[in-house]
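Letters go in sequence order (proteins before strands), and every chain restarts at 1.
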2 protein chains.
Amino acid sequence: MHDRLNKNSMAVLKMVRASHSHPTASEVYEAVRQERPQIGLASIYRILHNLVEQNYIKELRHGDDTCRYDAHTARHDHAICTQCGALLDIPIDVALPQDLLEAAAQATGIEFSSHELRLYGRCPTCQGQAVQHKTVE
Amino acid sequence: MHDRLNKNSMAVLKMVRASHSHPTASEVYEAVRQERPQIGLASIYRILHNLVEQNYIKELRHGDDTCRYDAHTARHDHAICTQCGALLDIPIDVALPQDLLEAAAQATGIEFSSHELRLYGRCPTCQGQAVQHKTVE
DNA sequence: AGAAAAATGAGAATGATTATCATTATTAGT
DNA sequence: ACTAATAATGATAATCATTCTCATTTTTCT
């Protein structure tokens, strides 16, 4: 565990930071290959795990079986499309009442440290597709 | 797609309902095998998917790579242990202000239909273990 | 009963992730 | 700078949850 990042790690971190679409390990691999063609997929996984452990990035999981990465490490909330599964960042700060969060935590006995709000519904793209679908048929 | 459940499906549903621990497909398989020893794992997966589709149960996913099932289909929130990954139901209704949810949905453009609050922190078991760990060492 | 349709289970296939390990790069001590 | 020790790398095999395939069995309908 070192503090300083080497070239491979820097390339991975830069890629995740540049992407706004929560890339998967494979997507990171394909993008980083452009700059560092000799890098292996195993290193991508290793480096992503290290970056998560060192808090440079966060790991995201939802519906599908691949996990995604996000360089936006500050606490924020997500919207999940019930049709296509897309995971969107909620771009505003949703200030939930602290007392409600604490009451909920107390009800389970956990030592409350953070939270996330998830909204479910059809994303703008899928709403558009649904309309188009109807008019076409 | 039928309305009526057959014996295998009933056995699976009963097991998921009886369990309070969000069982995985393998756990359901092992438990259902006791009553119906000839059942195959493929059927467990098929039946679980059908039950989800027919809204008898819900599928849950968090940190690990296995998906879990829950017969508690009413909207409710979860607490996730940051140490062991346990997913606990929050046993009270957390009434978040509707206007905040709607504002958040509007910010992403999704057609808001439901939501889930996730709390993160150490679960009671892990809190206990941490204390024990310290006194032992 | 008998034909058609659906469900079943055994095992193979898939696909993301992890482990292994020989090789290469980096660091530390002198 | 020179070597010994240590860590990082990448190719490939292994793992494991889940899905697919398909021949057989069960159910449904008449």
Side-chain angles (χ1 to χ4, degrees), chain A residues 1-16 19 21-54 56-70 84-87, chain B residues 1-16 19 21-54 56-70 84-87:
Chain A
M1 317 303 163
H2 289 307
D3 302 318
R4 187 71 58 117
L5 299 178
N6 63 20
K7 289 183 180 178
N8 279 345
S9 298
M10 275 304 297
V12 168
L13 179 55
K14 265 172 54 183
M15 188 278 166
V16 177
S19 167
S21 60
H22 307 307
T24 64
S26 302
E27 285 162 1
V28 174
Y29 179 50
E30 290 308 327
V32 171
R33 242 137 117 57
Q34 320 266 51
E35 299 190 16
R36 320 210 97 236
Q38 80 297 349
I39 201 169
L41 184 54
S43 298
I44 298 291
Y45 277 101
R46 240 189 324 248
I47 291 168
L48 286 170
H49 288 162
N50 291 345
L51 292 175
V52 168
E53 201 163 302
Q54 297 172 253
Y56 283 105
I57 61 178
K58 274 170 80 178
E59 199 177 281
L60 300 173
R61 261 189 221 251
H62 58 297
D64 59 4
D65 55 359
T66 69
C67 86
R68 293 172 169 277
Y69 295 90
D70 187 355
C84 72
L87 180 79
Chain B
M1 316 303 165
H2 288 307
D3 303 318
R4 186 71 57 115
L5 300 178
N6 63 19
K7 289 184 179 178
N8 278 346
S9 298
M10 274 305 298
V12 169
L13 178 55
K14 265 172 55 182
M15 188 278 167
V16 177
S19 167
S21 60
H22 307 308
T24 64
S26 302
E27 285 162 2
V28 173
Y29 179 50
E30 290 307 328
V32 171
R33 243 137 115 57
Q34 320 266 49
E35 301 190 14
R36 321 211 96 235
Q38 80 297 353
I39 201 170
L41 185 53
S43 298
I44 297 291
Y45 277 101
R46 237 187 329 246
I47 291 168
L48 286 170
H49 287 162
N50 290 345
L51 292 176
V52 168
E53 202 162 300
Q54 297 174 253
Y56 283 106
I57 61 177
K58 275 170 79 179
E59 199 177 282
L60 300 173
R61 260 187 222 252
H62 58 296
D64 59 7
D65 54 0
T66 68
C67 86
R68 294 172 170 276
Y69 295 91
D70 188 355
C84 72
L87 180 79

_Walk me through whether Asp70(B) and Val16(B) qualify under side-chain contact (heavy atoms from CB on, under 4.5 Å)._
CA-CA 7 Å; Asp70(B) 188 355; Val16(B) 177; 5.9 Å; no
*Report the distance from atom CG of Leu48(A) to atom P of dT9(D), rounded to the nearest whole Å.*
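Roughly 12 Å, once rounded to whole Å.
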_Euclidean distance, atom CG of residue Asn6(A) to atom C1' of dA7(D) [Å, nearest integer]_ =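 The distance from CG of Asn6(A) to C1' of dA7(D) comes to 11 Å, rounded to the nearest Å.
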*Roughly how bent is the helix from dA1(C)-dT30(D) to dT30(C)-dA1(D) end to end, in steps of 10 degrees, with each end axis from five pairs?*
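Axis angle across the helix from dA1(C)-dT30(D) to dT30(C)-dA1(D), nearest 10°: 30°.
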*Would you find a donor on one side and an acceptor on the other, under 3.5 Å apart, between the side chain of Glu35(A) and the backbone of Val32(A)?*
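Checked: no pair found.
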_Check: Pro23(A) main-chain N/O paired with Arg68(A) side-chain donor or acceptor under 3.5 Å_ =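 No: the side chain of Arg68(A) does not pair with the backbone of Pro23(A).
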*If you round to the nearest 0.5 Å, how far is SG of Cys67(A) from NZ of Lys58(A)?*
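Separation between the atoms: 13.5 Å.
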*Verify whether one side chain among Ser19(B) and Ser21(B) offers a donor that lies under 3.5 Å from an acceptor in the other.*
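Looking only at side-chain atoms, Ser21(B) and Ser19(B) do form a donor-acceptor pair, the distance falling under 3.5 Å.
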_Protein-to-nucleotide contact annotation, 5' to 3' order, nucleotides 9-21 of chain C [B base; S sugar-phosphate only; - none; under 4.0 Å, heavy atom]_ = BBB----SBBB--
_Given Tyr29(B), which partner from the list Val12(B), Thr24(B), Ile44(B) fulfils the side-chain contact (heavy atoms from CB on, under 4.5 Å) test?_
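When side-chain contact (heavy atoms from CB on, under 4.5 Å) is applied between Tyr29(B) and each of Val12(B), Thr24(B), Ile44(B), only Ile44(B) qualifies.
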_Heavy-atom closest pair, residues Glu59(A) and Arg61(A)_ =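 Closest approach of Glu59(A) to Arg61(A), heavy atoms only: OE2-NH2, 3.9 Å.
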_Shortest non-hydrogen separation from Asn6(B) to Ser9(B) and the atoms involved_ =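 Heavy atoms only, the tightest pair is OD1-N, 2.9 Å.
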